[in-house]
Engineer: 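The following block contains the structure, expressed as structure tokens.
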There are 2 protein chains.
Amino acid sequence: MRPYSHALEKLRAAGLRPTRQRLALAKLLFEGEDRHITAESLHGEALDNNIRVSLATVYNALHQFTDSGLLREIVVDASRSYFDTNTSDHHHFFFEHNGELMDIPGENMLVCDVPEPPAGMTINRVDVVVRVRQAA
Amino acid sequence: MRPYSHALEKLRAAGLRPTRQRLALAKLLFEGEDRHITAESLHGEALDNNIRVSLATVYNALHQFTDSGLLREIVVDASRSYFDTNTSDHHHFFFEHNGELMDIPGENMLVCDVPEPPAGMTINRVDVVVRVRQAA
DNA sequence: GTGTTTGCAAAGTGTTTGCAATTTA
DNA sequence: TAAATTGCAAACACTTTGCAAACAC
């Protein structure tokens, strides 16, 4: 079990003022299992927990958390932005029928022979998305 | 060099009526090197070539071409849809500073030990995106 | 002729922004 | 109290849709 102040520590470490809204969102995000969320899903969850926070503030917080390394953005769907509380090196299953993501631990899958990028470029990240659907 | 009628053959094979707009777009897309495009970029290119076509029709055509296997959609950026005329199995470099894509031939890079998907699911596709940026 | 396709403009969706009011330190 | 943050509503970018006019077969 993580300590009650985990969310607060995360905000402090990121240099973000622990406002009521940011602290409440950080608790939802970081005081449990790792998770995948969208702005809408986190906003809905906040409302369900009687946390008054606007959608704009959720967007702001997600970007601030991402910029400071607390979250990682995952691009799997052209119409929505996903965020992952697990910022370590790993990849994903993407379930196309319901839009859900599932982690694939880093050691279980490797990308071999990643080619050199063109001159003057460096690799920022290698993302693997395994798109799955219901078997016929 | 590909024959002049390549675009027409592609449309026929896909069972799409070769209208003036579809034929013109297919020529831009399929009578040259493989390429990566967005709806806006293809629309702009059509206008530059004095092809009168609306943006809505470009969107329609891109989806029809994708549904019939002439194009492949690539998800690398949450705010835009990209399409690739190369429908064979391969992966991509994505240049974050300008939004461009570059193919990585399939044989040059492999994903090892792709895990079994959860029960009842089958793998639809494995996408690898190597995100690169300008070296410091 | 008959069904398909197009273009337009309006609507839709997810996201961002400007700014006054509020909150934090 | 000074600076940062919030909430709202408007603005945005990209994409989709409804429908009458134009087109393909």
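The shown structure was predicted, so the numbers you read here are calculated from the model rather than taken from an experiment. Convention: sequence-line order gives letters A, B, ...; per-chain numbering from 1.
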Engineer: Quickly work out the B:Leu8 CG to D:dC25 P distance and round it to whole Å.
Structural biologist: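 Whole-Å distance recorded here is 9 Å.
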Engineer: On the nucleotide C:dT5, are OP1 or OP2 found under 4.0 Å from the side-chain N or O atoms that B:Gln64 carries?
Structural biologist: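 Indeed not, no polar side-chain atom of B:Gln64 lies that close.
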Engineer: Does C:dT13 have a Watson-Crick or wobble mate here (both distances under 3.5 Å), and if so which one?
Structural biologist: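 Base-paired to D:dA13.
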Engineer: For B:Arg17, report the nucleic acid contact type (base, sugar-phosphate, nothing); a contact means any heavy atom under 4.0 Å.
Structural biologist: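 Result for B:Arg17 = base.
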Engineer: Whom does C:dC19 pair with, Watson-Crick or G-U wobble, provided both distances fall under 3.5 Å?
Structural biologist: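 D:dG7 is the nucleotide pairing with C:dC19.
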Engineer: Measure CZ/A:Arg52 against P/C:dT23 and give the value in whole Å, please.
Structural biologist: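 Answer to the nearest Å: 9 Å.
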Engineer: What's the closest nucleotide to the side chain of B:Ala56 if the choices are C:dA25, C:dT17, C:dC8?
Structural biologist: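 Of the options given, the side chain of B:Ala56 lies nearest C:dC8.
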Engineer: Over how many whole Å does the gap from B:Leu55 atom CG to C:dG7 atom P extend?
Structural biologist: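 In whole Å, C:dG7 P and B:Leu55 CG are 11 Å from each other.
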Engineer: Take atom CZ of B:Arg20 and atom P of D:dA22, then tell me their distance rounded to the nearest Å.
Structural biologist: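 Between P of D:dA22 and CZ of B:Arg20: 13 Å.
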Engineer: Separation of A:His63 atom NE2 from D:dT5 atom P, in whole Å?
Structural biologist: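 Going from NE2 in A:His63 over to P in D:dT5 covers 16 Å.
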Engineer: Under 4.0 Å between a side-chain N or O of A:Gln21 and OP1 or OP2 of C:dT23?
Structural biologist: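 Answer no for this pair, as no side-chain N or O of A:Gln21 is under 4.0 Å from OP1 or OP2.
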Engineer: Locate the shortest heavy-atom distance separating B:Ala39 from B:Val58; write the atom from each residue and the value.
Structural biologist: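 Smallest heavy-atom distance, with atoms named: O-CG1, 3.7 Å.
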Engineer: Choosing from D:dT6, C:dT15, D:dC14, which nucleotide comes nearest the side chain of A:Ser81?
Structural biologist: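 Nucleotide nearest to A:Ser81's side chain: C:dT15.
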Engineer: Both B:Arg22 and B:Ala78 contact DNA chain C. Taking the nearest nucleotide for each, which residue is further toward the 5' end?
Structural biologist: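 It is B:Arg22, whose closest nucleotide lies nearer the 5' terminus.
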Engineer: If I take atom CG in residue A:Leu23 and atom C1' in nucleotide D:dT5, what distance separates them, rounded to the nearest angstrom?
Structural biologist: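 Nearest whole value for this atom pair: 14 Å.
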Engineer: For the side-chain contact (heavy atoms from CB on, under 4.5 Å) test, which of B:His63, B:Glu40, B:Glu73 pairs with B:Ser81?
Structural biologist: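 Exactly one pass, corresponding to B:Glu73.
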Engineer: Rounded to whole Å, how long is the line connecting atom CZ of A:Arg80 with atom C1' of D:dC14?
Structural biologist: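 Checked: the CZ to C1' distance equals 15 Å.
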Engineer: Select from B:Gly15 and A:Ser79 the residue whose nearest nucleotide in DNA chain C is closer to the 5' end of that strand.
Structural biologist: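 Final value for this comparison: B:Gly15.
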Engineer: Using a 6.0 Å cut-off, check whether atom CZ of B:Arg20 has over 12 heavy atoms from anything other than its own residue.
Structural biologist: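 Yes, enclosed.
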Engineer: If you look at every strand shown and take non-hydrogen atoms under 4.0 Å, does B:His43 touch a base, only sugar-phosphate, or nothing?
Structural biologist: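 Since no nucleic acid heavy atom lies under 4.0 Å of B:His43, the category is nothing.
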Engineer: Give a yes or no on whether a salt bridge exists between B:Glu96 and B:Arg133, defined as a side-chain N under 4.0 angstrom from a carboxylate O.
Structural biologist: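 A salt bridge is absent here (no side-chain N lies under 4.0 Å from a carboxylate O).
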Engineer: Quick one: is A:Thr57 getting a side-chain N or O under 4.0 Å of the D:dG7 phosphate, OP1 or OP2?
Structural biologist: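 Affirmative; the distance criterion is met.
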Engineer: 5'-most contact on DNA chain D: B:Thr38 or A:Val53, nearest heavy atom basis?
Structural biologist: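 It is A:Val53, whose closest nucleotide lies nearer the 5' terminus.
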Engineer: Do A:His92 and A:Asp103 have a side chain donor and acceptor closer than 3.5 Å?
Structural biologist: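 Result is yes, a qualifying pair exists.
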Engineer: Rounding to a whole Å, what distance do you find between B:Leu16:CG and D:dC25:C1'?
Structural biologist: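 The answer, rounded to whole Å, is 15 Å.
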Engineer: Want to settle it: does B:Tyr59 or B:Thr19 sit nearer the 5' end of DNA chain D, counting the closest nucleotide to each?
Structural biologist: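 Residue closer to the 5' terminus by nearest nucleotide: B:Tyr59.
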